[in-house]
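Below is one structure, written out as structure tokens; the observations come after it.
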Amino acid sequence: MNKPEYLISAHAAKLFPVLADTNREQRITSIFLSVLCQVPDFAQVVLGSLDVRVSARTKLQAFSEVVFRGDVGSGNRPDGLVIVTNGKNTWSALVEAKIANSELDAEQVKRYVELAREHGIDAVVTISNQFVAKADQSPVVVPKTLLRKTDLFHWSWSWIATQCEVLNAQDAIADRDHQFLTKQFLDFLSHPKTGVERFTQMPPGWKEVVQEVTNGTRLLKSSPDVETVVAAWFAELRDLSLHMSSNVGAQVAVRLERKHTSDSNLRLRAGIDELVSQQTLSGVLLVPNAASDISIEASLATRTIAVGMSLKARLDRKSSKARVNWLVRMLKSDDPRLHIRAHWPGRTPSTMKSVEELRQDPDLILPEKADALPHAFEVILLERSGKRFPGRKTFIEDIERLVAEFYELAGVDLRAWHAAPPAPGKSSRNIDPDDPVEKIVVSETTTVTIEPEA
């Protein structure tokens, strides 16, 4: 393997690196890069998160312990270098990794971005136990002027491990040797002595923020504790998506507003606004092929956690009882924490009852205006956390437990309803304008163009 000319020293990434015990970061980076080069299916998923294409003809090279020419005494020693070649096109990235409780140093990352720019390297990829919502976001702040020609990406070790789990669960790796290698790498990452950690606790200021809400003290947007709590919550959402991905054997993602995908600071400010004004932390997970997204809300005021999914009511059922029964019959559990919230037309407020109650009497959920029909439902697993809520670890434990329980109790069984397409041969004169199934609205600006046959 020929190293690039701008390197004075480098070693091909090895699956079994011979390094001192003190070089744990270099060891895990070398192993990771070696597996990346040897397992194309793994490389497609991991590098695909950076929009880097990997195909059967792609040439992958990886180096560890890289030293740049003219930079020997500077102390700049990135943990790795990846080079991806597709035909005449080449993409490359420096890799800097941290493990255990070590966090990325903004000044060091900045130097590596400058180093990458100097040598025409496309990106810097950081890896640590810190979490971000997407790979193009970073746990550290680097001046945007430095990122005009050089990209900055980040993976968490937990995210990398989850990609191995999902590939194995889906039997997505055809080559048996590659399967074995990926499973061994996953076992390696899963060992506690490796230094790979999941997000396990809220920051030290969490208990104080919860207590302030309980005491009726107004939270301040400028409070450092409020900011760190929201940032930690976003990290937990990311970890939740990885946890659920492992649980269901498919990629589960955190849903972000489009404006937040490219601006993590804007997302942080929105989260702070929600916490200050509503005393809640919330998020949404996207599960492939589920009836709807999973919403999560933690209320600091009531110390409750709610996990749920929203569904459109079955509009072809002509009574409220029939629409409620349609939903209740899909749910196999009568867990007392499981509730249904019905949404009604106009200004009629929503109503909520437990699944257990509605199984016995669907009419219990009817509002005062009993002739109305619900147009949408929410299925919610609601639990009052009480004394466990302010605990830094117990709060995270309860969130992760409840999301998994909700999916098992309800999410996996729910099916979205869709109106049937109109049957052929029906005259428009026979359409009932008040029937929600057959009502057809055509905009006056709609234009239909029929192309002539060739």
Side-chain angles (χ1 to χ4, degrees), residues 24-25 27-33 35-36 39 41-50 79-80 95-104 109 125-140 152-170 172 181-203 231-256 264 283 285-288 294 296 392-393 395-401 403-404 407:
R24 290 201 301 164
E25 290 172 351
R27 176 185 289 116
I28 192 172
T29 304
S30 177
I31 295 171
F32 163 63
L33 294 178
V35 175
L36 193 73
V39 185
D41 297 293
F42 180 55
Q44 285 177 1
V45 172
V46 173
L47 294 174
S49 69
L50 313 183
D79 293 315
V95 179
E96 175 61 21
K98 302 292 183 184
I99 55 173
N101 294 324
S102 298
E103 295 189 350
L104 295 165
V109 174
V125 178
T126 58
I127 312 173
S128 71
N129 285 321
Q130 296 161 274
F131 291 87
V132 294
K134 294 179 62 182
D136 59 1
Q137 297 177 353
S138 176
V140 298
L152 177 60
F153 299 110
H154 180 77
W155 297 315
S156 70
W157 287 114
S158 183
W159 180 84
I160 291 172
T162 298
Q163 306 320 302
C164 295
E165 287 183 315
V166 172
L167 286 170
N168 289 333
Q170 295 177 338
L181 192 57
T182 307
K183 289 178 180 178
Q184 290 295 306
F185 181 52
L186 177 58
D187 288 343
F188 171 72
L189 293 178
S190 302
H191 196 282
K193 290 187 177 180
T194 307
V196 174
E197 297 177 356
R198 292 183 57 228
F199 187 84
T200 58
Q201 63 181 2
M202 294 294 280
W233 172 250
F234 291 160
E236 168 57 13
L237 287 177
R238 177 60 171 167
D239 192 42
L240 262 176
S241 71
L242 301 179
H243 181 74
M244 286 298 292
S245 295
S246 301
N247 190 25
V248 304
Q251 293 286 0
V252 176
V254 180
R255 191 181 75 186
L256 299 178
S264 57
L285 298 180
L286 290 81
V287 180
I294 297 178
I296 307 153
R392 294 172 60 192
K393 287 188 176 182
F395 174 73
I396 297 299
E397 291 170 356
D398 287 349
I399 287 285
E400 295 181 351
R401 172 179 55 82
V403 172
Y407 189 76

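Since the structure is predicted, the reported quantities are computational estimates derived from the model, not experimental observations. Because only heavy atoms are used, hydrogens play no part in the values below, and waters and symmetry mates are left out as well, while side chains stay in.
- Asp79 places a side-chain N or O within donor-acceptor distance of the main-chain N or O of Ala97, the cut-off being under 3.5 Å.
- Residues passing the salt bridge (Lys or Arg N to Asp or Glu O under 4.0 Å) test with Glu103, sequence neighbours excluded: none.
- Distance check, rounded to the nearest 0.5 Å: OG of Ser245 to CG of Asp239 gives 10.5 Å.
- In this view, Glu400 and Arg198 satisfy the salt bridge (Lys or Arg N to Asp or Glu O under 4.0 Å) rule, not counting sequence neighbours.
- For the residue pair Thr126 and His154, a side-chain donor N or O sits within less than 3.5 Å of a side-chain acceptor on the partner.
- In terms of heavy-atom proximity, Gln130 sits nearest to Pro139 at NE2-CB, 3.5 Å.
- Ser30 places no side-chain N or O within donor-acceptor distance of the main-chain N or O of Arg27, the cut-off being under 3.5 Å.
- For Asp41, the salt bridge (Lys or Arg N to Asp or Glu O under 4.0 Å) test picks out no residue, with sequence neighbours left out.
- With hydrogens and angles ignored, the 3.5 Å screen pairs a side-chain donor or acceptor of Trp157 with a backbone N or O of Lys98.
- Residues Leu286 and Val252 fail the side-chain proximity criterion, which asks for heavy atoms closer than 4.5 Å.
- Rounded to the nearest 0.5 angstrom, Arg255 CZ and Ile294 CD1 are separated by 12.0 Å.
- Within the 3.5 Å criterion, the main-chain N or O of Trp159 finds no donor-acceptor partner in the side chain of Arg238.
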